[in-house]
Amino acid sequence: MSDNQPKKEISAIKGTRDILPDEARLWQIAEARAREIFELYGYRELRAPVIEPTELFEKGTGASSDIVTKEMYTFTDKGGRSVTLRPEYTPSVVRAIIEHRLDLQAQPLRFYYIGPMFRYDRPQKGRYRQFHQIDIEVFGEKDPAVDAEIVEMAHRLLSQLGVEKAMTLVNSVGCRKCRPAYGQELRKASMAARDRLCPDCQRKAELNPLRIFDCKVESCREVAATFPLISDFLCPECREHFQKFREYLDFYGIEHRVEPTLVRGLDYYTKTAFEIVAEHLGAQNAICGGGRYDDMVKEFGGPDLCGIGFAMGLERLLSVARIQVPKSSFVYFAYLGQQAKKDSLRLARLLRSEGIECLVEFKERGMKAHFSRANKLGADWVLVVGEDELKKGKFQLKDMVNSRQFEGSALELVSLIKGKKILE
RNA sequence: GUGAGUGUAGCUCAAGGGUUAGAGCACCGGACUGUGGAUCCGGUGGUUGGGGGUUCGAAUCCCCUCACUCACCCCA
């Protein structure tokens with residue numbers, strides 16, 4: 001035991017942070033808007049645990065994905081089970097559907113959830129180890145109209161939160177019938193051009209040729225321009241689905257750009273993949289990402305139930321949102337003496353039961369100090385409780401914004417405060 | 001995991017080898033014992049991220065380490 005260890009202050013662990021009250025207010029508003037909007041479209045909240053068996057993600061997210069291979073918070077619990085803090089939400093919902101036979105309910109099923117996710121990444125702007133997602137999923141609806149509807153719903157939320165210049169990128173990644181052929185062709189092309197690629201892309205040619213498309217090196221871009229595109233390989237069914245999806249987007253008046261190289265990092269997507277990107281977010285500019293995953297439920301041993309959904313990153317969303325915080329108003333009690341303190345406490349109970357926020361501080365102060373304090377705290381009203389008031393049963397109420405003062409009984413002042421609240 | 005940048009008071013920043021590391025804001029108190037914001041005065045607050053080295057002398061120069069930030073990778 002060494003006693004000269006450098007004293008180290010305990011701080012939040014890397015990639016996590018505290019959301020202090022001023023900021024938490026913005027979170028509350030954003031979350032409330034999301035819930036309101038999703039409920040308008042028939043979505044209902046489904047809360048799954050933060051912690052799940054590790055195999056859920058190995059199977060669902062994909063054993064070869066970056067998330068599973070190097071970004072999961074995985075540990076062994078006291079019972080010897082391997083458990084993981086969820087890095088994403090979709091596999092949990094799929095698990096819940098199968099476990100509770102939710103597929104027996106009338107379809108389509110629509111769920112939403114808001115909560116923390118965990119990924120052991122190196123933190124940077126817009127990327128944290130504990131981050132928060134707004135997640136929605138629809139099960140049992142094959143019609144591409146629903147693909148467009150969730151994009152439209154995402155845009156409604158963004159516009160409610162004052163997010164401007166959000167660009168929608170769309171693609172179809174095909175299905176198990178048509179995608180493999182494309183993968184082979186792309187690999188063939190990239191391997192053939194290997195010696196003209198940068199070292200980084202030479203590695204990608206073997207591991208994930210799709211990533212060569214977003215290399216910034218000019219020579220790589222030239223090479224990549226000659227590569228085949230998924231759009232030329234889509235089977236008739238996928239092609240039609242993608243076309244209808246885009247028709248519905250046009251129907252909704254949602255501007256979008258086809259991004260033939262948009263694949264998303266998760267293995268399970270089929271057909272539709274999309275992303276919404278925003279400005280001023282730095283390198284991590286995707287504010288929302290989603291797509292269709294028609295095979296996942298079945299692969300988990302469940303019924304043949306198609307799915308589609310998206311996730312929005314709350315941290316990223318809030319960094320581009322412009323949220324008006326409604327002004328709250330409260331009454332500060334300026335009392336003089338022990339008796340008045342108790343009367344203040346009693347009056348505050350009355351006002352609170354009328355829905356009025358009250359603050360009675362326990363430290364005794366002079367009248368000047370009370371007002372000074374009330375001003376600093378941003379009180380809208382100061383209720384003066386002193387000997388004179390107690391004798392008369394009438395109190396002085398000062399409007400701190402207009403510097404006007406009123407006198408009245410407790411009930412008269414209640415209606416005065418409530419009346420003003422309604423006017424605002 | 002790789003690379004770069006930054007670490008001085010709660011916050012924003014000075015001091016660039018030379019007394020006891022300063023200022024503004026914030027906080028607490030006073031001028032002002034029944035009425036706020038302004039002004040003035042005073043006060044609390046620092047092992048200069050941590051450790052080692054060079055030097056008569058280190059916040060300052062060197063090495064190590066930690067933290068934060070941004071980027072790569074990947075993604076929300």
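Order of the sequence lines fixes the chain letters, A, B, ..., with proteins taken first and strands second; residue numbering starts at 1 for each chain.
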Item to check | Distance-only donor-acceptor test, A:Gln284 side-chain atoms vs B:C74 base atoms, 3.5 Å | outcome: yes
Next on the checklist: For B:C73, does the base pair up with any side-chain atom of A:Arg127 as donor and acceptor (N or O, under 3.5 Å, distance only)?
Outcome noted: yes
Checklist entry - Tell me the salt bridge (charged side-chain N to carboxylate O under 4.0 Å, His left out) pairs involving residues 307-321 of chain A, sequence neighbours left out? => result none
Next on the checklist: Applying salt bridge (charged side-chain N to carboxylate O under 4.0 Å, His left out) as the test, list every pair that has at least one member in residues 150-161 of chain A; sequence neighbours left out.
Outcome noted: A:Glu152-A:Arg156
Which residues pass the side-chain contact (heavy atoms from CB on, under 4.5 Å) test with [X], not counting sequence neighbours?
X: A:Glu39; result: A:Arg44, A:Tyr112
X: A:Asp232; result: A:Leu229
X: A:Thr168; result: A:Val151, A:His155, A:Val170, A:Ile254, A:His256, A:Ile276
X: A:Leu26; result: A:Leu318, A:Ile323, A:Val325

Next on the checklist: Applying ring pair (Phe, Tyr, Trp, His ring centres under 6.0 Å) as the test, list every pair that has at least one member in residues 309-343 of chain A; sequence neighbours left out.
Outcome noted: A:Tyr332-A:His370, A:Tyr335-A:His370
Checklist entry - Are A:Asp294 and A:Arg292 close enough for a salt bridge, meaning some N to O gap below 4.0 Å? => result yes
Item to check | Intra- and interstrand pairs of RNA chain B - dot-bracket, Watson-Crick/G-U under 3.5 Å, | marks other strand | outcome: (((((((..((((....[...)))).(((((.......))))).....(((((..]....))))))))))))....
Checklist entry - Residues two or more places apart in sequence or in another chain: which of them pass side chain to side chain donor-acceptor pair (under 3.5 Å) with A:Glu389? => result none
Checklist outcome for this item: Taken in chain and number order and not counting sequence neighbours, the residues that satisfy side chain to side chain donor-acceptor pair (under 3.5 Å) with A:Ser190 are none
Checklist entry - Contact class for A:Ile287 (heavy atom, under 4.0 Å): base, sugar-phosphate, or nothing? => result sugar-phosphate
Next on the checklist: Each nucleotide in nucleotides 29-37 of chain B should get exactly one letter: B, S or -. Can you fill that in based on protein heavy atoms under 4.0 Å?
Outcome noted: S--B-BBBB
Next on the checklist: Judged by each residue's nearest nucleotide on RNA chain B, which is more toward the 5′ side, A:Phe131 or A:Gly15?
Outcome noted: A:Gly15
Checklist entry - RNA chain B: A:Leu314 or A:Gly282, which has the more 5' nearest nucleotide? => result A:Gly282
Next on the checklist: If you compare every side-chain N and O of A:Arg211 against the phosphate oxygens of B:C74 (OP1, OP2), does one of them come in below 4.0 Å?
Outcome noted: yes
Between N or O atoms, less than 3.5 Å apart, protein on one side and nucleotides 3-8 of chain B on the other: list the pairs.
none

